[in-house]
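Below is one structure, written out as structure tokens, with a few remarks after it.
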Amino acid sequence: MAIASGKPGVDGLSEAVGVLREWQYDGAPMQLHPGDLGWFWRSGAEATAEAVRTWSRDGQILSVGLLDGPGLLRLTIAPDALRDEELAQRLVEDVTEPERGVLPEGKVNFETPKGALVQDLLSEDGWDVDEPWTPLRRDLTEPVEDPGVRIEVVRPERAHVFAAVHRAAFTGSRFTDERWHAMAAGLPYTDARCLLGYDDQGNAVAVVTVWSAGPGRPGLLEPMGVHRDHRRRGHGGSITVAAAAALQELGSSSALVCTPSSNAAAVATYTSAGFQPLPEVRDQYRDAWGCHLRRTESGGGRPKTGGVAPLCALTAERVMRPDCRL
């Protein structure tokens with residue numbers, strides 16, 4: 001059967017979230033998590049459905065992607081399809097050709113699990129790798145220590161407090177209590193918690209949201225932040241420990257988080273909370289002025305290496321060297 005791609009619609013989000021839960025396991029490469037869809041849900045179910053893409057064969061979903069911004073597709077693949085050639089070829093075609101409605105023209109980023117065949121194919125096409133990110137993991141099979149501070153599980157009537165600390169923790173954040181309520185109404189939030197951390201004076205100083213993928217599966221921290229007026233006092237480490245404890249209560253086998261490797265303070269905070277750094281991961285990106293060859297010349301597969309020269313996707317002219325740059 002051929003690969004079919006499309007948007008799931010609001011009614012199809014439950015299936016997409018369900019397969020994302022099934023694909024999480026300890027030892028898996030860092031990948032799209034149901035919590036990523038859950039955090040995006042703050043924009044509402046319709047916006048989330050519009051941002052999600054699925055790739056299926058014979059009615060079975062093989063890949064789920066999230067357009068987490070106009071030029072960023074975050075995507076994961078069923079564990080037994082990471083090296084599926086038909087799927088990889090279709091993914092390459094869909095992310096390379098803007099008219100397919102997955103990624104636009106210009107510079108774009110594409111996140112996939114390490115070891116996926118699609119990464120190899122895009123590298124052959126000249127896609128580069130972006131700045132490194134550091135995934136971190138904490139095993140939850142042993143008891144989690146007390147965070148040493150007051151922690152509150154956020155209820156609907158306290159959403160405004162969570163939103164205020166979040167805005168103070170992230171520059172440019174427009175998070176509101178209305179967005180919290182939209183997120184909390186989403187399917188993934190069934191297995192999630194928002195936490196507030198307080199200092200000794202009773203000030204709300206830190207926030208975190210944790211997302212379980214179900215018992216025995218890795219959970220995710222997304223996001224964690226400390227109020228700008230209360231940093232460098234250990235609050236980040238304390239609420240991260242509390243996040244690990246909350247995921248353990250939800251039945252998670254481990255806790256995961258990922259941060260830019262350049263953010264040394266964040267890496268140090270997570271490490272101080274018992275998280276262990278894993279090998280770095282990188283998005284792939286297509287530069288706006290790179291040479292990208294149309295696959296229609298080769299019947300939808302790899303660009304031709306002989307015969308008629310392929311077309312440059314930017315100039316529509318024949319190119320003789322696959323490494324050309326405009």
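Relative orientation of the Trp211 and Tyr189 rings is perpendicular, given thresholds of 30° and 60° on the angle between their planes. Ring-plane geometry between His230 and His227 is classed as perpendicular, the angle between the planes exceeding 60 degrees on a 0 to 90 degree scale with a lower cut at 30.
Between Tyr285 and Lys107 the shortest heavy-atom distance is CD1-CE, 3.7 Å. Looking at every heavy atom in both residues, Ile151 comes nearest to Gly197 through CD1-CA, 3.9 Å. In terms of heavy atoms, Glu280 sits closest to Pro135 at CA-CD, 4.2 Å. Taking both residues in full, the closest heavy atoms of Pro29 and Pro113 are given as CG-CB, 3.8 Å, listed atom of the first, atom of the second, then distance. Minimum interatomic distance between Ala49 and Pro8 (heavy atoms only, all atoms of both residues): O-CD, 4.0 Å. When all heavy atoms of Leu221 and Tyr270 are compared, the pair lying nearest together is CD2-CE2, 4.4 Å.
A donor-acceptor pair under 3.5 Å is formed between the side chain of Gln284 and the backbone N or O of Gln119. Under the 3.5 Å distance criterion, the side-chain polar atoms of Gln248 are matched with a main-chain donor or acceptor of Glu142. Listed for the Ser56 side chain is no donor-acceptor partner under 3.5 Å among the backbone atoms of Gly59. The backbone N or O of Gly101 lies less than 3.5 Å from a partner atom in the side chain of Arg53, making a donor-acceptor pair. Put simply, the side chain of His33 gets close to the backbone of Pro218: a donor and an acceptor are under 3.5 Å apart. Remark: side-chain polar atoms of Asn203 are not paired, donor with acceptor, to backbone N or O of Val205 under 3.5 angstrom. Arg167 places a side-chain N or O within donor-acceptor distance of the main-chain N or O of Phe175, the cut-off being under 3.5 Å.
A salt bridge does not link Arg282 with Asp128: none of the charged nitrogens is closer than 4.0 Å to a carboxylate oxygen. For Asp191 and Arg217, the salt-bridge test fails: no basic side-chain N is under 4.0 Å from an acidic carboxylate O. Taking a cutoff of 4.0 Å between a charged side-chain nitrogen and a carboxylate oxygen, Asp68 and Arg74 qualify as a salt bridge. With respect to the salt-bridge test (charged N to carboxylate O, under 4.0 angstrom), the residues Asp94 and Arg100 qualify. Of the charged side-chain nitrogens involved, at least one lies within less than 4.0 Å of a carboxylate oxygen, so that Asp84 and Arg57 count as a salt-bridged pair. Between Arg137 and Asp26 there is a salt bridge, since at least one side-chain N of the basic residue sits less than 4.0 Å from a carboxylate O of the acidic one.
Between Ser5 and Arg90, the side chains place a donor N or O and an acceptor N or O closer than 3.5 Å (distance only, hydrogens not considered).
Using a 4.5 Å cut-off between side-chain heavy atoms of Ile, Leu, Val, Met, Phe, Trp and Tyr, with links allowed through other members, Ile239 and Val165 fall into different hydrophobic clusters. When hydrophobic clusters are built by joining Ile, Leu, Val, Met, Phe, Trp and Tyr residues whose side-chain heavy atoms come closer than 4.5 Å, directly or via intermediates, Leu73 is grouped together with Val108. Under the 4.5 Å side-chain heavy-atom criterion for grouping Ile, Leu, Val, Met, Phe, Trp and Tyr, Val208 is not connected to Phe162 through any hydrophobic cluster. No single ILVMFWY cluster, assembled from side-chain heavy atoms under 4.5 Å apart, contains both Met183 and Val153. Taking hydrophobic clusters as Ile, Leu, Val, Met, Phe, Trp and Tyr residues chained together by side-chain heavy-atom distances below 4.5 Å, Leu250 shares a cluster with Leu140.
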Q: Given side chain to side chain contact (heavy atoms under 4.5 Å, CB included), test Leu87 with Ile77 step by step and report yes or no.
A: CA-CA 9 Å; Leu87 175 62; Ile77 300 169; 3.7 Å; yes
(Q) Could you go through Gln31 and Asp36, starting from their C-alpha distance and side-chain angles, then the distance that decides it, and tell me whether this counts as side chain to side chain contact (heavy atoms under 4.5 Å, CB included)? (A) CA-CA 10 Å; Gln31 60 178 327; Asp36 293 307; over 6 Å; no
**Q.** Pair Val118-Val92, side chain to side chain contact (heavy atoms under 4.5 Å, CB included): steps then yes or no
**A.** CA-CA 7 Å; Val118 64; Val92 169; 3.7 Å; yes
**Q.** Verdict with reasoning, Glu85 to Leu117, per side chain to side chain contact (heavy atoms under 4.5 Å, CB included)
**A.** CA-CA 7 Å; Glu85 185 171 355; Leu117 178 59; 4.1 Å; yes
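In this structure, OG1 on Thr269 lies 10.5 Å from CZ on Arg231, to the nearest 0.5 angstrom. Annotation: the span from Gln24 atom CD to Ser252 atom OG amounts to 10.5 Å, rounded to 0.5 Å. The structure places OG1 of Thr134 at 11.0 Å from CE of Met30, a figure rounded to the nearest 0.5 Å. Atom CD of Glu152 is separated from atom OH of Tyr198 by 3.5 Å, given to the nearest 0.5 angstrom. Atom CG of Leu91 is separated from atom CG of Leu122 by 8.5 Å, given to the nearest 0.5 angstrom. Atom CG of residue Leu75 and atom OG of residue Ser63 lie 3.5 Å apart, to the nearest 0.5 angstrom.
For Glu157, the CD atom is densely surrounded, since the number of other residues' heavy atoms within 6.0 Å is greater than 12. Atom CG of Asp200 has 12 or fewer neighbouring heavy atoms from other residues, nucleotides or ligands inside a 6.0 Å radius. No more than 12 heavy atoms of other residues, nucleotides or ligands lie within 6.0 Å of CD in Glu15, so this atom counts as exposed by the packing criterion. Summarising the local packing, CD of Glu86 is surrounded by more than 12 heavy atoms from other residues, nucleotides or ligands at distances under 6.0 Å.
When side chains are defined from C-beta on, Asp120 counts as touching Arg83, because their heavy atoms get closer than 4.5 Å. Using a 4.5 Å heavy-atom cutoff, the side chains of Val161 and Leu196 are in contact. Ser254 is not listed as a side-chain neighbour of Arg138, based on a closest heavy-atom distance of 4.5 Å or more. Between Val257 and Leu220 there is no side-chain heavy-atom pair separated by less than 4.5 Å. Side-chain contact check for Pro156 versus Trp180: some heavy-atom pair is nearer than 4.5 Å. Counting heavy atoms from C-beta on, the side chains of Thr209 and Glu222 never come closer than 4.5 Å.
Taking a 4.5 Å side-chain heavy-atom cut-off between Ile, Leu, Val, Met, Phe, Trp and Tyr, the cluster of Leu187 extends to Leu13, Val17, Val19, Leu20, Trp23, Leu32, Leu37, Phe40, Trp41, Val52, Ile61, Val64, Leu66.
The one candidate from Leu256, Val144, Val210 that meets the side chain to side chain contact (heavy atoms under 4.5 Å, CB included) condition with Leu247 is Val210.
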